[in-house]
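Each chain gets a letter, A, B and so on, in the order its sequence line appears, and its residues count up from 1. Just so it is clear, the structure is predicted and the values come from calculations on it, not from any experiment.
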Protein chains: 4
Amino acid sequence: MSKKAAPDPSRRSETARRAILTAALDLVGEVGYAKLSIEGIAAAAGVGKQTIYRWWPSKGALLFDAFLTLAGEGDDGQSAALPDTGDLAADLKLVLRATVEELNDPRYDQPMRALHTEIVHDPALAADYAKRLDEPMRELKKERLRSARDAGQLAADVDLDVAVDLLFGPVLNRWLQRTGPLTAEYADQVVDTALRGLRPREP
Amino acid sequence: MSKKAAPDPSRRSETARRAILTAALDLVGEVGYAKLSIEGIAAAAGVGKQTIYRWWPSKGALLFDAFLTLAGEGDDGQSAALPDTGDLAADLKLVLRATVEELNDPRYDQPMRALHTEIVHDPALAADYAKRLDEPMRELKKERLRSARDAGQLAADVDLDVAVDLLFGPVLNRWLQRTGPLTAEYADQVVDTALRGLRPREP
Amino acid sequence: MSKKAAPDPSRRSETARRAILTAALDLVGEVGYAKLSIEGIAAAAGVGKQTIYRWWPSKGALLFDAFLTLAGEGDDGQSAALPDTGDLAADLKLVLRATVEELNDPRYDQPMRALHTEIVHDPALAADYAKRLDEPMRELKKERLRSARDAGQLAADVDLDVAVDLLFGPVLNRWLQRTGPLTAEYADQVVDTALRGLRPREP
Amino acid sequence: MSKKAAPDPSRRSETARRAILTAALDLVGEVGYAKLSIEGIAAAAGVGKQTIYRWWPSKGALLFDAFLTLAGEGDDGQSAALPDTGDLAADLKLVLRATVEELNDPRYDQPMRALHTEIVHDPALAADYAKRLDEPMRELKKERLRSARDAGQLAADVDLDVAVDLLFGPVLNRWLQRTGPLTAEYADQVVDTALRGLRPREP
DNA sequence: AAGTAAACGAGACGGTACGTCATGTCTTCGG
DNA sequence: CCGAAGACATGACGTACCGTCTCGTTTACTT
């Protein structure tokens with residue numbers, strides 16, 4: 001029925017796949033997103049262009065895959081869970097400071113910006129991103145907040161999704177739009193400010 | 001001394017300028033950002049390419065200008081100030097709901113996404129954006145919050161910038177990343193959740 | 001010692017061979033020579049590309065084979081000999097008119113042009129062509145001329161090869177280069193002129 | 001009315017044009033016709049591909065132009081006319097031997113073969129060839145034959161076009177198809193045989 | 001009013017990258 | 001173990017735009 005014979009994944013060359021993902025990530029770091037070309041990735045990976053077009057529908061999808069695959073391997077297994085020392089503010093600050101540090105790391109900055117650019121314009125990729133990257137992370141964050149709520153450190157009726165957005169949204173925004181310096185201090189301020197309201201009223 | 005003879009702004013053709021800005025905005029809405037080309041804008045505006053390259057340093061700058069100029073004319077004069085009925089929550093919800101509505105309007109969605117894409121990758125443009133669009137708006141928002149703080153509806157030691165980020169960041173994020181539906185209800189939730197902490201403790 | 005394991009002809013699939021030859025001839029008629037691809041032939045024949053590469057060294061060789069094999073089957077046995085009614089001019093005109101007709105037949109035109117193109121650029125193929133197609137035909141023609149010479153209808157010292165070239169060359173040329181209409185009348189003229197010579201009869 | 005805006009010839013860069021024609025001719029001699037690519041010509045000429053596509057509809061047309069332009073400059077002015085010493089046979093042999101020599105010259109062989117290949121498959125190009133190359137040459141040849149006819153060295157009723165075909169066709173054929181060695185002797189034989197005719201002299 | 005200088009429309013130029021197609025080689029699988 | 005199927009590296013195809021560079025042609029501003 002379909003016009004195009006779908007390629008057979010069982011015949012796929014793992015060597016080529018990894019070379020492409022690695023080259024993509026390397027190149028986006030080297031030359032930046034604007035100058036990132038399929039042509040260049042293919043050349044750097046020692047691969048025919050068709051091999052890229054065969055397996056990825058768009059540059060964004062490739063980038064996302066590169067990101068996911070190669071990042072996913074840094075974690076042996078998965079990031080498991082957020083720290084839970086009982087001190088919610090401290091734990092959140094730890095996490096948010098780490099996020100800030102990562103976003104300031106040039107190795108992560110470029111590829112992440114590239115990925116976000118694609119997401120902004122490609123709803124399909126955005127959906128993929130939401131499901132495969134955002135949601136798992138969000139779940140971990142919500143888990144930590146749930147534990148805090150159970151410990152009475154959070155108002156019982158707080159929507160956890162909104163809480164996550166309140167905590168992490170500002171940092172992501174400041175990074176994307178460069179509306180101000182992205183520092184550990186800012187992270188702390190956001191946590192403090194956000195929490196003051198998330199905490200239950202004192203009698 | 002300078003390599004490039006600077007063009008003389010006094011001789012600039014207002015007709016060409018407006019045609020270009022209009023064409024840019026129209027085209028980004030029609031064909032989307034990815035397929036937006038200087039070549040196309042020039043053709044649609046009935047203008048030589050050089051006339052664009054003469055006056056704008058980048059596609060992003062042109063887009064930003066188009067955005068600013070043509071949007072700025074909708075406001076007769078300026079947006080003046082945020083509403084101040086004395087009810088902070090209601091006023092913020094009004095503003096945030098309006099923002100949500102605008103972001104959901106297809107006429108604004110495409111050009112805004114385009115602009116944000118450029119901002120993500122062009123620090124110079126980001127600075128321009130921060131100064132000419134973000135900061136004035138932010139000032140209005142802070143003004144309203146300041147008034148609320150004076151009225152005792154906000155904790156005295158709250159950083160107003162962080163407060164603004166907390167209120168508007170989540171909405172912008174959800175729009176850019178499509179991590180969830182962008183509704184008036186969400187706007188209300190964000191305001192309520194953020195405020196609960198921004199308010200002073202009750203005794 | 002040899003780099004290439006020679007394929008074993010005894011194991012060759014006759015089905016595949018015929019399918020390929022047929023497909024090649026069909027395709028060159030359908031899409032023309034310029035768009036004829038090994039890829040397309042393999043697909044049309046329901047055969048792997050390697051099966052073609054294994055048995056034919058070049059597209060020209062395949063085409064030639066297709067031509068020879070499938071055309072050779074139209075003749076049950078072989079064309080035997082040229083007509084010999086005793087009237088040399090009439091016999092030659094008959095043959096040349098038939099040639100003209102064949103060259104004007106769209107079914108032969110495309111494949112023959114394709115074959116000639118390859119011959120022009122591939123000396124090996126040209127040699128093959130000379131030996132397997134041109135020479136046998138030429139021999140038949142020379143046989144008829146020899147018979148005429150014995151009958152005193154041809155000058156005794158005429159080189160038969162040159163004679164054949166004089167008779168058939170002009171027609172082939174006009175076909176290949178389209179320098180003029182290829183008609184039966186032209187064929188007759190060539191025969192008459194060649195036989196008579198360009199010089200006036202001496203008294 | 002037309003879809004495509006035709007390029008303006010008055011703005012054409014003569015430098016680019018000559019570089020392209022020269023590169024085309026050089027390359028076809030170096031790498032042969034089969035490996036001749038527009039890409040390669042553009043690179044060798046130091047020219048963008050589009051500059052070639054803008055001005056020539058096909059590789060064949062470019063080749064033809066290259067041939068015509070650059071060859072036409074060897075002749076200062078034009079080839080004027082064929083020699084006319086009064087001895088028709090000698091004059092024709094001179095011309096035909098020159099033709100043979102040219103066809104055996106590697107510098108001419110490759111480009112000419114390339115051109116002929118294109119002609120075989122491209123009727124438009126064939127027409128162009130007939131009009132701009134074949135016809136002028138043919139006219140010169142016919143002129144010489146006409147002079148001979150007036151001098152009583154040619155039968156009065158000979159069709160001059162057929163005569164030209166008879167004289168030059170065999171040589172061209174032998175060259176294109178390599179059905180035999182292309183020598184001065186062969187040229188002489190063709191002239192003698194054509195002039196004299198195949199039939200024996202009547203007593 | 002004539003002269004001049006800059007911005008204008010147009011678009012050719014040398015390039016880069018696109019996404020598709022065909023090449024010829026190599027690997028995997030089923031009969 | 002051959003042959004089909006098809007993934008692979010390579011590289012040309014023709015197209016779209018890039019940003020630069022002339023070309024005349026307006027359109028102001030001098031003189």
**Message:** Just verifying a value: how many Å separate R107(A) CZ and D26(A) CG, rounded to the nearest 0.5 Å?
**Reply:** 11.0 Å
**Request:** Please figure out whether A45(B) or G48(D) has its closest DNA chain E nucleotide nearer the 5' end.
**Result:** A45(B)
Show the distances under 3.5 angstrom between N or O atoms of the protein and N or O atoms of nucleotides 3-7 of chain E.
| residue | atom | partner | partner atom | Å |
| --- | --- | --- | --- | --- |
| dA7(E) | OP1 | D8(B) | N | 2.3 |

Determine all donor-acceptor pairs shorter than 3.5 Å in which one atom belongs to a side chain in residues 34-56 of chain B; sequence neighbours excluded.
| residue | atom | partner | partner atom | Å |
| --- | --- | --- | --- | --- |
| S37(B) | OG | G40(B) | N | 2.9 |
| W56(B) | NE1 | D65(B) | OD2 | 3.0 |

**Fill in**
In whole angstroms, the gap separating P of dG14(F) from CG of L62(D) amounts to 12 Å
**Item:** Interatomic distance where CZ belongs to R17(D) and C1' belongs to dC13(E) [whole Å]
**Value:** 16 Å
**Asked** Could you give the distance from CZ (R132(A)) to CG (L125(A)), rounded to the nearest 0.5 Å?
**Response** 9.5 Å
**Request:** For I52(A) and dC21(E), give me the distance from atom CD1 to atom C1', rounded to whole Å.
**Result:** 17 Å
**Asked** Is it true that a side-chain atom of R178(C) and a backbone atom of V120(D) form a donor plus acceptor pair closer than 3.5 Å?
**Response** yes
**Asked** Among residues 112-121 of chain A, which residues get a heavy atom nearer than 4.0 Å to DNA chain E?
**Response** none
**Message:** The side chain of E39(A) is closest to which nucleotide in this list: dA9(F), dT25(E), dA17(E)?
**Reply:** dA17(E)
**Distance in angstrom units between L27(C) CG and dA22(E) C1', rounded** = 14 Å
**Message:** Once you apply a heavy-atom cut-off of 4.0 Å, does A42(C) come out as touching a base, just sugar-phosphate, or nothing?
**Reply:** nothing
**Prompt:** Can you say whether the rings of F67(A) and Y108(A) are parallel (under 30°), tilted (30 to 60°) or perpendicular (over 60°)?
**Reply:** perpendicular
**Request:** Assess whether one donor atom and one acceptor atom, taken from the side chain of K49(D) and the base of dG14(E), lie less than 3.5 Å apart.
**Result:** no
**Request:** Could you pick out which residue, I38(D) or V47(C), lies toward the 5' side of DNA chain F when each is mapped onto its nearest nucleotide?
**Result:** V47(C)
**Asked** Should H116(C) and Q177(D) be marked as a side chain to side chain contact (heavy atoms under 4.5 Å, CB included) after you check the CA-CA gap, both sets of side-chain angles, and the distance that decides it?
**Response** CA-CA 8 Å; H116(C) 275 270; Q177(D) 303 184 35; 3.8 Å; yes
**Item:** Whole-Å gap separating C1' (dA4(F)) and CD1 (I20(C))
**Value:** 11 Å
**Item:** Between dC13(F) (C1') and L36(D) (CG): distance, integer Å
**Value:** 14 Å
**Message:** For a 4.5 angstrom cut-off between non-hydrogen side-chain atoms, does L115(C) reach M112(C)?
**Reply:** no
**Request:** Rounded off to whole Å, could you give me the CD-to-P distance for the E14(C) and dC2(F) pair?
**Result:** 18 Å
**Request:** Mind checking the NZ-OG1 spacing from K59(D) to T117(D)? Nearest 0.5 Å is all I need.
**Result:** 10.0 Å
**Verdict with supporting geometry, E30(B) and L27(B), side chain to side chain contact (heavy atoms under 4.5 Å, CB included)** = CA-CA 5 Å; E30(B) 271 173 46; L27(B) 271 184; 4.1 Å; yes
**Asked** Between dC18(E) atom P and Q50(A) atom CD, what is the distance in whole Å?
**Response** 13 Å
**Request:** Looking at every strand, decide which applies to G46(C) at a 4.0 Å heavy-atom threshold: base, sugar-phosphate, or nothing.
**Result:** sugar-phosphate
**Prompt:** When rounded to the nearest 0.5 angstrom, what is the spacing between CG in L63(B) and CZ in R113(B)?
**Reply:** 14.0 Å
**Request:** Side chain of Y53(B) only, please: which of dG14(F), dC18(F), dA22(E) is the nearest?
**Result:** dC18(F)
